[in-house]
Amino acid sequence: YNAATGRDLSVTELQDAAMRMLNIEKVFNYIHAGFERKDDYPPSRDMEEAVPSEPLKGFKLEKEKWDALLDEYYNMHGWDKETGLPKRCTLEKMGLEHIADDLDRYKSSSRNY
């Protein structure tokens, strides 16, 4: 990244930038496409049908285990376990108060319909 852009970012700065982008993307997808926790699941077929051939023959994902995985993933990112959306405090820690404000405004306006 540094060689391509001429910017001298540390690993931590690059990781922080990636986390800001991930959180912005999460809010964008909620506001513009209605994505929530339900959209963080694999296709239902992966939980309903076992793999028909080797090497994973008979394997299928378990919803309970996927839910536990999502809960852990959301917790690691500072996201709400019910909705899958970033918490306000998470966005504020990243300097994304304006994104938190947009998310709050959208949630408020969508409840009025």
Side-chain angles (χ1 to χ4, degrees):
Y1 179 84
N2 291 346
T5 65
R7 297 185 66 197
D8 189 24
L9 295 181
S10 69
V11 171
T12 301
E13 290 170 322
L14 194 55
Q15 289 171 333
D16 290 346
M19 288 308 297
R20 282 192 303 276
M21 287 187 289
L22 179 64
N23 280 272
I24 292 169
E25 176 184 343
K26 192 74 167 163
V27 172
F28 180 91
N29 285 338
Y30 171 71
I31 290 173
H32 297 285
F35 284 11
E36 293 181 315
R37 182 182 175 106
K38 65 180 172 37
D39 300 294
D40 288 333
Y41 285 91
S44 58
R45 180 178 182 181
D46 292 343
M47 290 189 225
E48 296 165 0
E49 298 177 28
V51 175
S53 59
E54 296 295 336
L56 296 176
K57 185 175 182 170
F59 175 80
K60 66 180 176 179
L61 297 174
E62 297 175 39
K63 186 176 185 312
E64 298 78 24
K65 289 183 179 180
W66 194 267
D67 280 327
L69 178 73
L70 275 182
D71 287 349
E72 184 177 337
Y73 182 79
Y74 291 165
N75 188 50
M76 287 172 47
H77 285 80
W79 295 352
D80 181 84
K81 289 180 184 180
E82 298 299 317
T83 64
L85 296 172
K87 296 177 183 177
R88 173 172 270 284
C89 61
T90 300
L91 296 170
E92 288 176 348
K93 284 181 196 173
M94 295 180 183
L96 299 173
E97 293 85 358
H98 61 292
I99 301 295
D101 293 341
D102 289 346
L103 180 57
D104 287 344
R105 273 193 298 276
Y106 182 79
K107 286 179 180 178
S108 294
S109 68
S110 64
R111 277 188 229 134
N112 295 330
Y113 292 106

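In this chain, residues are counted from 1 in sequence order. Only a predicted model underlies this, so the values are computations on that prediction, with no experimental measurement involved.
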Requested in this report: With side chain to side chain contact (heavy atoms under 4.5 Å, CB included) as the test, would you mind laying out the steps for Leu70 and Tyr41 before giving the verdict?
Outcome: CA-CA 9 Å; Leu70 275 182; Tyr41 285 91; 4.0 Å; yes
Query raised in the report: Which pair of non-hydrogen atoms, one from Pro86 and one from Leu103, has the smallest distance, and what is that distance?
Result: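 In terms of heavy atoms, the two residues are closest at O-CD2, 3.8 Å.
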Requested in this report: Please name the pair of heavy atoms, one in Glu49 and one in Lys60, separated by the smallest distance, quoted to 0.1 Å.
Outcome: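 Nearest pair, atom of Glu49 first, then Lys60: O-CB, 3.6 Å.
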Requested in this report: Decide whether Tyr106 and Phe35 are clustered together by the hydrophobic rule: side chain heavy atoms of Ile, Leu, Val, Met, Phe, Trp, Tyr closer than 4.5 Å, transitively.
Outcome: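 Not linked; separate clusters.
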Report task. May I ask whether Leu61 and Leu56 are part of the same hydrophobic cluster, defined by side-chain heavy atoms of I, L, V, M, F, W, Y residues being less than 4.5 angstrom apart, directly or through others? Result ->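 Yes, Leu61 connects to Leu56 through the hydrophobic network.
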Requested in this report: Not counting sequence neighbours, which residues clear salt bridge (charged side-chain N to carboxylate O under 4.0 Å, His left out) with Arg7? List them please.
Outcome: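 So Arg7 forms no salt bridge (charged side-chain N to carboxylate O under 4.0 Å, His left out) with any residue.
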Query raised in the report: Once the angle between the rings of Tyr74 and Trp79 is folded into 0 to 90°, is it parallel (under 30°), tilted (30 to 60°) or perpendicular (over 60°)?
Result: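 Aromatic pair Tyr74/Trp79 classed tilted.
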Could you measure the distance from the [atom1] atom of [X] to the [atom2] atom of [Y]? Nearest 0.5 Å is fine.
| X | Y | atom1 | atom2 | answer |
| --- | --- | --- | --- | --- |
| Lys81 | Glu72 | NZ | CD | 9.5 Å |
| Leu91 | Lys26 | CG | NZ | 12.0 Å |
| His98 | Ile24 | NE2 | CD1 | 6.0 Å |
| Lys65 | Met47 | NZ | CE | 12.5 Å |
| Met19 | Leu96 | CE | CG | 10.5 Å |
| Phe28 | Met21 | CZ | CE | 15.0 Å |

Report task. May I ask you to test the Ile99-Met94 pair for a side-chain heavy-atom distance under 4.5 Å? Result ->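 They are not in side-chain contact.
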**Report entry** Neighbour count >12 (heavy atoms, 6.0 Å) for atom NZ, Lys57
**Finding:**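 Atom NZ in Lys57 is not crowded, with 12 or fewer foreign heavy atoms closer than 6.0 Å.
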Report task. Step through the shown structure and confirm whether more than 12 heavy atoms of other residues, nucleotides or ligands are within 6.0 Å of CD on Glu82. Result ->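 Result for CD/Glu82: open.
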Report task. Could you go through the side chain to side chain contact (heavy atoms under 4.5 Å, CB included) check for Leu9 and Asn2 one step at a time? Result -> CA-CA 6 Å; Leu9 295 181; Asn2 291 346; 3.8 Å; yes
Requested in this report: Using a strict cut-off of less than 4.0 Å between a Lys/Arg side-chain nitrogen and an Asp/Glu carboxylate oxygen, indicate whether Asp71 and Arg37 qualify as a salt bridge.
Outcome: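 Yes, this pair counts.
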Query - Test: Lys63 and Asp67 ion pair at under 4.0 Å - result: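 Looking at Lys63 and Asp67, the cut-off is met.
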Query - Distance-only side-chain donor-acceptor flag, Asp40 / Trp66, under 3.5 Å - result: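 There is no such pair (donor and acceptor under 3.5 Å, judged by atom type) between the side chains of Asp40 and Trp66.
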Query - side chain to side chain contact (heavy atoms under 4.5 Å, CB included) between Asn23 and Thr90, intermediate numbers included - result: CA-CA 9 Å; Asn23 280 272; Thr90 300; 3.9 Å; yes
